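Working notes, structure below.
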Amino acid sequence: MKEKALLSIENLSIDFVMESGTVSALRGMDVDIYPGSIHGLVGESGSGKTVAARAVMGLNPMPPGLIRGGSILFRGDDLLKKSLSKLRKIRGKEIGMIFQEPTNYLNPAMQAGLQIAEQLMYHENLSKKQALEKTREVLREVELGRNDRILSSYPHELSGGMKQRVMIAMAAACRPKLLLADEPTTALDVTIQKQILDLLVKLRDEWNIAILFVSHDLAVVHSIADTVSVIYAGEIVEQGKRDDIFHDPRHPYTIGLLNSVPTPSHRGHKLDAVKGTIHDPYHVPSGCPFHPRCPIAADICSRERPAVRYVSGQHSCSCHRVEGKSFNGTPIHWTPIHETPVHGNFEGEPRNA
Ligand code: SF4
């Protein structure tokens, strides 16, 4: 029997309605995340990936944000229907969030240990003394040791990597079922980045938690994710297991992203960047939103939004020029490509292989 998803984002659409116009940040997004797995959500800046992660936590400002439709099922309950007080009980306890830049989220006037302990006092009804004792355990879990110096340090006294570990400790203190990691390594140098990725994999393995890992960096996503969604203009354009996406990409945007990653096979060759820039957020192109940048766009592409088609198993792609079947197995019309499509040639060892 198929395992039940811990988190199911179904047909989620979110707009931001402002005086200057309406930005459609998410347009019918579908993502399932399973216990003990890491799902990578990858796309350029402005593609909607952070809005999606924040929607799970209920952190998008409403207004100007507006849920146009869809649901976010966490353990079968729709988070969008929860009151703020119920959501507060879930945030930090069952779902934790790690942000890109810990400096912006840690309280500069409060010792790091106390910031972690506050989560435990609020969600687990512990006294301050009990919470601080448990915080020492949590610091050990995030590999900061049973270290009283960290406990009593203020954020400005910690390095970037230590601050990110404190942030992870805050998010993971109550052993949530789901961690949302929004570009958690982007602000870190490469060696610290690797340590943080290893730490997330360790928490996933030891606690069987699910992680939504948001990043613009394909190499990082390749190294950590079990399954991947590629997002463009608020739409998931391709989705599948890591190997589906990195070794058998079908969507021209995915292929373009892969061809722009520096890998050993590219040495001595110019990288192929995806041409053009992401559209004006107030005006999403008609039909397939990628059509102004797509090297194989056909006439139909600017007129009709492509349906999701399954290429194999759970590998899906939204492109008029990819052959596949609908969810119920019906073949979908496609416009064949006569030239050979460029295939990404991605190398590197995944961290959890
Ligand atoms: Fe390119 Fe058309 Fe496919 Fe969009 S639907 S990615 S424009 S070929």
Side-chain angles (χ1 to χ4, degrees), residues 11-13 23-31 40-49 51-52 215-216 218 221-222 227-261 271-346:
N11 201 21
L12 183 63
S13 296
V23 173
S24 296
L26 290 181
R27 305 183 315 129
M29 177 185 189
D30 288 307
V31 167
L41 180 59
V42 67
E44 290 167 288
S45 299
S47 57
K49 52 195 192 307
V51 172
S215 180
H216 69 281
L218 276 160
V221 169
H222 177 262
T227 51
V228 177
S229 292
V230 180
I231 185 168
Y232 187 82
E235 290 179 24
I236 301 296
V237 296
E238 188 159 7
Q239 199 167 61
K241 292 184 183 148
R242 176 183 53 212
D243 284 353
D244 294 335
I245 302 300
F246 286 92
H247 297 293
D248 187 21
R250 301 300 178 97
H251 196 280
Y253 179 58
T254 313
I255 293 168
L257 286 178
L258 289 170
N259 284 343
S260 65
V261 177
L271 291 174
D272 297 321
V274 180
K275 80 166 191 189
T277 52
I278 202 156
H279 60 278
D280 167 3
Y282 295 102
H283 301 102
V284 179
S286 57
C288 168
F290 188 58
H291 82 258
R293 304 174 72 184
C294 180
I296 56 165
D299 287 348
I300 189 175
C301 301
S302 58
R303 292 195 315 268
E304 284 181 29
R305 191 172 171 178
V308 176
R309 54 207 73 205
Y310 286 83
V311 177
S312 62
Q314 292 305 302
H315 184 185
S316 66
C317 178
S318 299
C319 173
H320 288 300
R321 308 202 75 173
V322 169
E323 186 179 8
K325 295 187 171 165
S326 70
F327 187 67
N328 62 16
T330 324
I332 298 180
H333 174 76
W334 64 295
T335 308
I337 305 162
H338 299 299
E339 66 271 33
T340 312
V342 190
H343 275 268
N345 178 17
F346 198 84

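Just follow the structure's listing: the first ligand is 1, and inside any ligand the first atom is 1. We number each residue from 1, following the sequence as shown. As the structure is a prediction and not an experimental result, all values here were calculated from the model.
- At least one side-chain heavy atom of V284 sits less than 4.5 Å from a side-chain heavy atom of R27.
- When side chains are defined from C-beta on, D244 does not count as touching E238, because their heavy atoms never get closer than 4.5 Å.
- In terms of protein heavy atoms, atom 3 (Fe) of ligand 1 is closest to C319 SG, 2.3 Å.
- Contact atoms of ligand 1 toward I296: 8 (S) (distance under 4.0 Å to a heavy atom of the residue).
- Residue contacts with ligand 1, taken as heavy atom pairs separated by less than 4.0 Å, involve P252 solely via side-chain atoms from C-beta onward.
- Contact annotation: C288 places an N, O or S atom under 2.8 Å from atom 4 (Fe) of ligand 1.
- The closest heavy-atom contact to atom 6 (S) of ligand 1, among the options R305, H251, H320, E304, comes from H251.
- Scanning all heavy atoms of the two residues, the minimum distance from V274 to L257 falls at CG2-N, 3.7 Å.
- Rounded to the nearest 0.5 angstrom, S286 OG and R303 CZ are separated by 10.0 Å.
- With hydrogens and angles disregarded, no donor-acceptor distance shorter than 3.5 Å links the side chain of Q314 to the backbone of K241.
- Which of C294, A297, C301 comes nearest to atom 1 (Fe) of ligand 1 through a heavy atom is settled by distance: it is C294.
- Within ligand 1, the atoms closer than 4.0 Å to a non-hydrogen atom of R321 are 8 (S), numbered from 1 in the order shown.
- The backbone N or O of S13 lies less than 3.5 Å from no partner atom in the side chain of N11, so there is not a single donor-acceptor pair.
- Metal site remark for atom 1 (Fe) of ligand 1: H291 contributes no N, O or S atom at a distance under 2.8 Å.
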